[in-house]
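Here's the structure we're looking at; comments come further down.
Each ligand, and each atom within it, is numbered from 1 in the order the structure gives.
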Amino acid sequence: MCSQLWRMVADVVIAVLLFHGFCSAQRDPRYTFMHQATTAPPVSYYDYIIIGGGTAGCPLAATLSQNSSVLLLERGGSPYGNRNISDLAAFGAAISDLSSTSPSQRFISKDGVINARARVLGGASCLNAGFYTRAGPEYVRLAGWDAKLVNESYQWVEKVVAFQPPMKQWQSAVRDGLVEVGIRPYNGFTYEHLYGTKIGGTIFDENGQRHTAADLLRYARPSGLTVLLHAPVHRILFTKRGGAKPKAHGVIFADANGVAHRAYLKRGSKNEIIVSSGALGSPQLLMLSGIGPKTQLDAHNISVVLDQPNVGLGMSDNPMNAVFIPSPQPVEISLIQIVGITHNGTYIEAASGENFAGGARTQDYGMFSPKIGQLSTVPPKQRTQEAIDKALEDMKALPPNAFAGGFILEKITGPFSEGHLEITSRNPNDNPSVTFNYFKDPRDLQRCVDGMKIIENVIESKSFSPFRFDALSVVTLLNMTASAPVNLLPKHSNASRSLEQFCKDTVMTIWHYHGGCQVARVVDHDYKVMGVDSLRVIDGSTFRNSPGTNPQATVMMLGRYMGVKIMHERHVTNRPE
Ligand SMILES: Cc1cc2nc3c(=O)[nH]c(=O)nc-3n(C[C@H](O)[C@H](O)[C@H](O)COP(=O)(O)OP(=O)(O)OC[C@H]3O[C@@H](n4cnc5c(N)ncnc54)[C@H](O)[C@@H]3O)c2cc1C
Ligand SMILES: *[C@@H]1O[C@H](CO)[C@@H](O)[C@H](O)[C@H]1NC(C)=O
Ligand SMILES: *[C@@H]1O[C@H](CO)[C@@H](O)[C@H](O)[C@H]1NC(C)=O
Ligand SMILES: *[C@@H]1O[C@H](CO)[C@@H](O)[C@H](O)[C@H]1NC(C)=O
Ligand SMILES: *[C@@H]1O[C@H](CO)[C@@H](O)[C@H](O)[C@H]1NC(C)=O
Ligand SMILES: *[C@@H]1O[C@H](CO)[C@@H](O)[C@H](O)[C@H]1NC(C)=O
Ligand SMILES: *[C@@H]1O[C@H](CO)[C@@H](O)[C@H](O)[C@H]1NC(C)=O
Ligand SMILES: *[C@@H]1O[C@H](CO)[C@@H](O)[C@H](O)[C@H]1NC(C)=O
């Protein structure tokens, strides 16, 4: 029993979500408007310059290109033809790839949790677990958005990237377990945010192929759009006229050869620069351009355009905590498909899988692979490279059947806890320093504890019973997740007895971090940067709370929504009198 348990302890660190690779890489749409930045002229002029071709930037660019000339600058390359991105089976491969050409850039927050940010056209929609679900009406109301346009914008996105997932045995058991323990009603398959248990959408199609925000560029008017790849923006340029507000009027970006290019706004009062560089990239770029806390800018010799202490504040990452449950019978490979939307400030989701594809050992990937940083058994600060390497090494010695099982996880809403971001250099390619302060607010810890209780109930439910070993009590399961798998790292032995300790010791990211350029702190309700002209920020950095159970649907929606609003404003005011 001891060695068997030992093996299962090791299971905790993996649930490889690979399945048999029958799919081919996502077809290259051969966008005529997409080029390498090396081909760009030294100077060029546009109506709109969008910085960051991510989850918000792509739908925004596609929309604005309808009636204007748009330049979209993306620091990464094309997602097309890369199976690490396109295949559901490869989930985790991109975020495990630490090379400088990887579509993912790893960062480790000061809290000690390993995390990832996108560096590719399509942004984090190229890396994520694919779950697609809208924000609720209350979120839309609090954001001050127009509900009808929100609905239309979601539908515009869904036509291209959203699908209904297949429901197999393991996900079905978790779903039935949630309903059994009272997460009711059962709402079936829906994109809507409704209390109870539901099947959500996914950006993976029936062949396990990912559809990203880059696919939304098919809506573009090709002659209205230029997309430049490998084009990191170093700085936004401002003009200052007497006592007037500084006005954004251009950008400097580098190409892959390190050659600098400039792009400027054409003459026209409606023309704008829009930053869509994500929750790390947007506050970072504002600071590099002289908008931020003066003391920080001074420390890096950046000349101050606007002393704005709120840039980089309100950084939050919703903590994720999970329990691994070894299964006596085979389970399907699944990413997130069902969600329990509770009244307790927590969302329950699940992922399952085995680590074999075509007979080959491929346990390097998976939502909880130590390689991508989700070493849930090791307290964040102890997740050293040596610990990760040791865990991977030990996993290789395990027999195949040691890996059947799945994770039930929870993400808390909000969160209340907030942190901050600081730049570390003047190089936009360097990660800024980020602190999220997980569980600093006791209400977040209470939500986590309540969520863990619900997960315990699901594990103990009749519906879920075929997928657990009776001999492994819930405390044992928690202990397995809370114990260091195969190393001697210090741990809190009370983590399986105290859910508070369990939440703290096993905190991970679900990668829904947001903030840094929040509405009412850095941008106004039209996403215009306060204190300067012709500059907006539109992406996840503007959120106070993470929308819906998972944010990507709302990030894409926001890109479309603001594109329509900006286009409309331009059209209305340009109409001849
Ligand atoms: C591993 C992972 C799993 C996730 N799972 C899910 C899920 O299942 N469901 C869900 O809804 N959400 C999920 N998310 C979260 C969701 O994908 C993100 O919240 C969302 O994509 C963020 O969108 P964004 O537009 O704010 O930023 P991004 O999509 O990151 O876009 C920012 C873009 O700006 C570019 N950029 C940055 N700086 C510069 C610069 N200086 N110059 C030029 N370009 C620049 C970046 O390369 C990037 O392409 C997940 C995220 C990750 C990473
Ligand atoms: C895919 O990911 C693997 C593992 O992280 C990496 O070695 C490989 O280079 C990646 N391939 C591409 C095309 O990015
Ligand atoms: C969105 O619009 C569709 C189609 O017009 C409608 O059926 C649906 O009820 C609307 N949803 C919301 C949340 O308004
Ligand atoms: C800022 O400039 C001063 C004076 O030129 C120099 O001593 C200092 O090293 C610079 N600091 C940085 C971070 O570049
Ligand atoms: C969750 O909320 C419901 C409804 O408010 C309550 O009855 C239940 O006790 C809560 N569950 C936990 C685990 O706190
Ligand atoms: C948890 O597991 C560890 C071994 O990893 C063991 O020493 C400890 O006694 C266990 N605690 C409980 C409460 O089961
Ligand atoms: C768990 O034990 C540690 C010491 O090992 C202690 O600091 C901590 O407060 C305990 N946690 C709880 C919630 O009791
Ligand atoms: C865009 O331009 C077309 C004509 O080119 C016009 O019919 C349409 O109303 C415009 N749309 C907006 C929203 O400005």
Side-chain angles (χ1 to χ4, degrees), residues 37 50-60 72-77 79 91-92 94-95 103-105 115-134 200-204 212-214 228-236 251 253-254 275-282 284-285 288-289 298-302 318 335-336 349 351 367 372-374 411 425-426 428-429 445 490-495 497-505 509-514 516 537-543 546-556 558-559:
I50 300 172
I51 306 167
T55 312
C58 287
L60 177 65
L72 179 63
L73 295 166
E74 168 52 45
R75 66 178 186 146
F91 177 82
I95 33 181
S104 169
Q105 181 178 19
N115 214 317
R117 60 190 290 227
R119 182 172 51 199
V120 61
L121 187 72
S125 71
C126 298
L127 308 177
N128 70 25
F131 198 57
Y132 182 97
T133 177
R134 296 181 179 192
T202 172
I203 62 173
F204 291 99
T212 77
L228 295 179
L229 302 174
H230 297 117
V233 172
H234 283 240
R235 203 147 55 89
I236 302 163
V251 300
F253 62 95
V275 184
S276 299
S277 299
L280 265 59
S282 291
Q284 179 185 24
L285 188 61
L288 296 181
S289 308
D298 287 347
H300 293 275
N301 288 343
I302 296 167
N318 305 67
L335 293 175
I336 297 164
E349 302 180 352
M367 195 148 165
I372 64 172
Q374 301 294 59
K411 166 203 171 176
S425 79
R426 285 192 340 209
N429 303 310
L445 191 57
K491 53 196 182 254
H492 294 95
S493 56
N494 54 1
R497 302 279 175 193
S498 153
L499 291 177
E500 280 87 355
Q501 199 62 47
F502 181 87
C503 286
K504 289 185 191 165
D505 280 9
T509 181
I510 190 166
W511 307 281
H512 297 174
Y513 53 86
H514 52 277
V537 179
I538 297 173
D539 61 22
S541 72
T542 63
F543 295 149
S546 185
T549 65
N550 299 60
Q552 70 166 339
T554 304
V555 179
M556 288 191 254
L558 184 63

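For atom 6 (C) of ligand 1, the closest non-hydrogen atom on the protein side is Asn128 CB, 3.4 Å. Among protein heavy atoms, atom 48 (C) of ligand 1 sits closest to Glu74 OE1, 3.6 Å. The protein non-hydrogen atom at the shortest distance from atom 19 (O) of ligand 1 is Pro551 CG, 3.5 Å. The protein heavy atom nearest to atom 53 (C) of ligand 1 is Trp511 CB, 3.6 Å. When hydrogens are left out, the protein atom nearest atom 43 (C) of ligand 1 is Arg75 N, 3.4 Å; that is the closest non-hydrogen contact. If you check which protein heavy atom lies closest to atom 7 (C) of ligand 1, you get Phe131 N, 3.7 Å. Scanning the protein for heavy atoms near atom 26 (O) of ligand 1, the closest one is Gly540 N, 3.0 Å. In terms of protein heavy-atom proximity, atom 22 (C) of ligand 1 is nearest to Thr55 OG1, 4.0 Å.
The shortest heavy-atom contact between Ala495 and Phe502 is O-CB, 3.2 Å. When all heavy atoms of Trp511 and Ala116 are compared, the closest pair comes out as CD1-N, 4.0 Å. Considering every non-hydrogen atom in both Pro551 and Ser546, the closest pair reads CB-OG, 3.9 Å. Smallest separation of non-hydrogen atoms from Gly52 and Leu72: O-CD1, 3.6 Å. Taking each heavy atom of Pro59 and Gly54 in turn, the nearest pair found is CD-O, 4.2 Å. Shown here for Ala37 and Ala254, the closest heavy-atom pair between the two residues is CB-O, 4.4 Å.
The NE2 atom of His234 sits 11.0 Å away from atom CZ of Arg75, with the distance rounded to the nearest 0.5 Å. Taking NE2 of His300 as the reference point, atom CG of Leu288 lies at 9.0 Å (rounded to 0.5 Å). We find the CG-NZ distance between Asn318 and Lys411 to be 4.0 Å, quoted to the nearest 0.5 Å. Separating the CD atom in Glu74 from the CD1 atom in Ile50 is a distance of 12.0 Å, to the nearest 0.5 Å. Here CG of Asn550 is found 5.5 Å from CD1 of Ile510. Values are rounded to the nearest 0.5 Å. Expressed to the nearest 0.5 Å, how far CG of Leu285 lies from CD1 of Ile236 amounts to 4.5 Å.
Of the polar atoms of Gly122, none of the N or O atoms is found under 3.5 Å from an N or O of ligand 1, judged by distance alone. Of the polar atoms of Ala116, none of the N or O atoms is found under 3.5 Å from an N or O of ligand 1, judged by distance alone. Residue-to-ligand polar distances keep Ser498 apart from ligand 7: every N/O pair is separated by 3.5 Å or more. In terms of polar-atom proximity, Ser541 is not counted as a contact of ligand 1, lacking any N or O under 3.5 Å from an N or O of the ligand. Between Ala124 and ligand 1, at least one pair of N/O atoms sits closer than 3.5 Å. At under 3.5 Å, a nitrogen or oxygen of Gln552, whether backbone or side chain, sits near a nitrogen or oxygen of ligand 1. Between Gln501 and ligand 7, at least one pair of N/O atoms sits closer than 3.5 Å. Polar contact check, Ile336 against ligand 1: no nitrogen or oxygen pair lies under 3.5 Å apart.
The ligand atoms of ligand 7 that sit less than 4.0 angstrom from a heavy atom of Asn494 are 1 (C), 2 (O), 3 (C), 8 (C), 10 (C), 11 (N), 12 (C), 14 (O). Shown in contact with Ile95 at under 4.0 Å from a heavy atom are these atoms of ligand 1, numbered in order with element: 1 (C). For ligand 1 and Gly123, the ligand atoms under 4.0 Å from any heavy atom of the residue are 29 (O), 49 (O). For ligand 1 and Leu127, the ligand atoms under 4.0 Å from any heavy atom of the residue are 1 (C). For ligand 1 and Gly130, the ligand atoms under 4.0 Å from any heavy atom of the residue are 7 (C), 8 (O). The ligand atoms of ligand 1 that sit less than 4.0 angstrom from a heavy atom of Val555 are 23 (O), 24 (P), 25 (O).
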Per-pair distances, ligand 4 N/O vs protein N/O, less than 3.5 Å:
residue	atom	partner	partner atom	Å
ligand 4	2 (O)	Asn301	OD1	3.3
ligand 4	2 (O)	Asn301	ND2	2.2
ligand 4	11 (N)	Asn301	ND2	3.0
ligand 4	14 (O)	Asn301	ND2	3.3

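Using a 4.0 Å cut-off between heavy atoms, His512 contacts ligand 1 through its side chain alone, with no backbone atom that close. When heavy-atom distances to ligand 1 are checked against a 4.0 Å cut-off, Leu335 has no atom that comes that close, whether in backbone or side chain.
Ligand 1 does not have Gly57 within reach: every non-hydrogen atom of the residue lies 4.0 Å or more from it. Residue contact annotation: Leu73 has a non-hydrogen atom under 4.0 Å from ligand 1.
Residues that satisfy the ring-ring contact (aromatic ring centres under 6.0 Å, His included) test with Phe543, not counting sequence neighbours, are absent from this structure.
For the residues Gly76, Ser276, Ser546, the heavy atom positioned nearest atom 33 (C) of ligand 1 is part of Ser276. The option with the heavy atom closest to atom 41 (N) of ligand 1, from among Val275, Val233, Leu72, Leu280, is Val233.
Residues Pro428 and Val233 have side chains not in contact (no heavy-atom distance under 4.5 Å, counting atoms from C-beta outward). Contact annotation: the side chain of Leu127 never approaches that of Arg117 to less than 4.5 Å [non-hydrogen atoms, C-beta and beyond]. Using a 4.5 Å heavy-atom threshold, the side chains of Ile51 and Val251 count as touching. Within the 4.5 Å cutoff, the side chain of Pro103 has no heavy atoms near those of the Cys126 side chain.
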Please evaluate residues Arg119 and Asn429 with respect to the criterion side-chain contact (heavy atoms from CB on, under 4.5 Å), reporting the C-alpha separation (whole Å), side-chain torsions for both, the decisive distance (0.1 Å), and the verdict. CA-CA 10 Å; Arg119 182 172 51 199; Asn429 303 310; over 6 Å; no

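A donor-acceptor contact shorter than 3.5 Å links the side chain of Thr542 to the backbone of Asp539.
Of the candidates Asn128, Thr212, Thr55, Asn128 is the only one forming a side-chain hydrogen bond (donor to acceptor under 3.5 Å, both in side chains) with Gln552.
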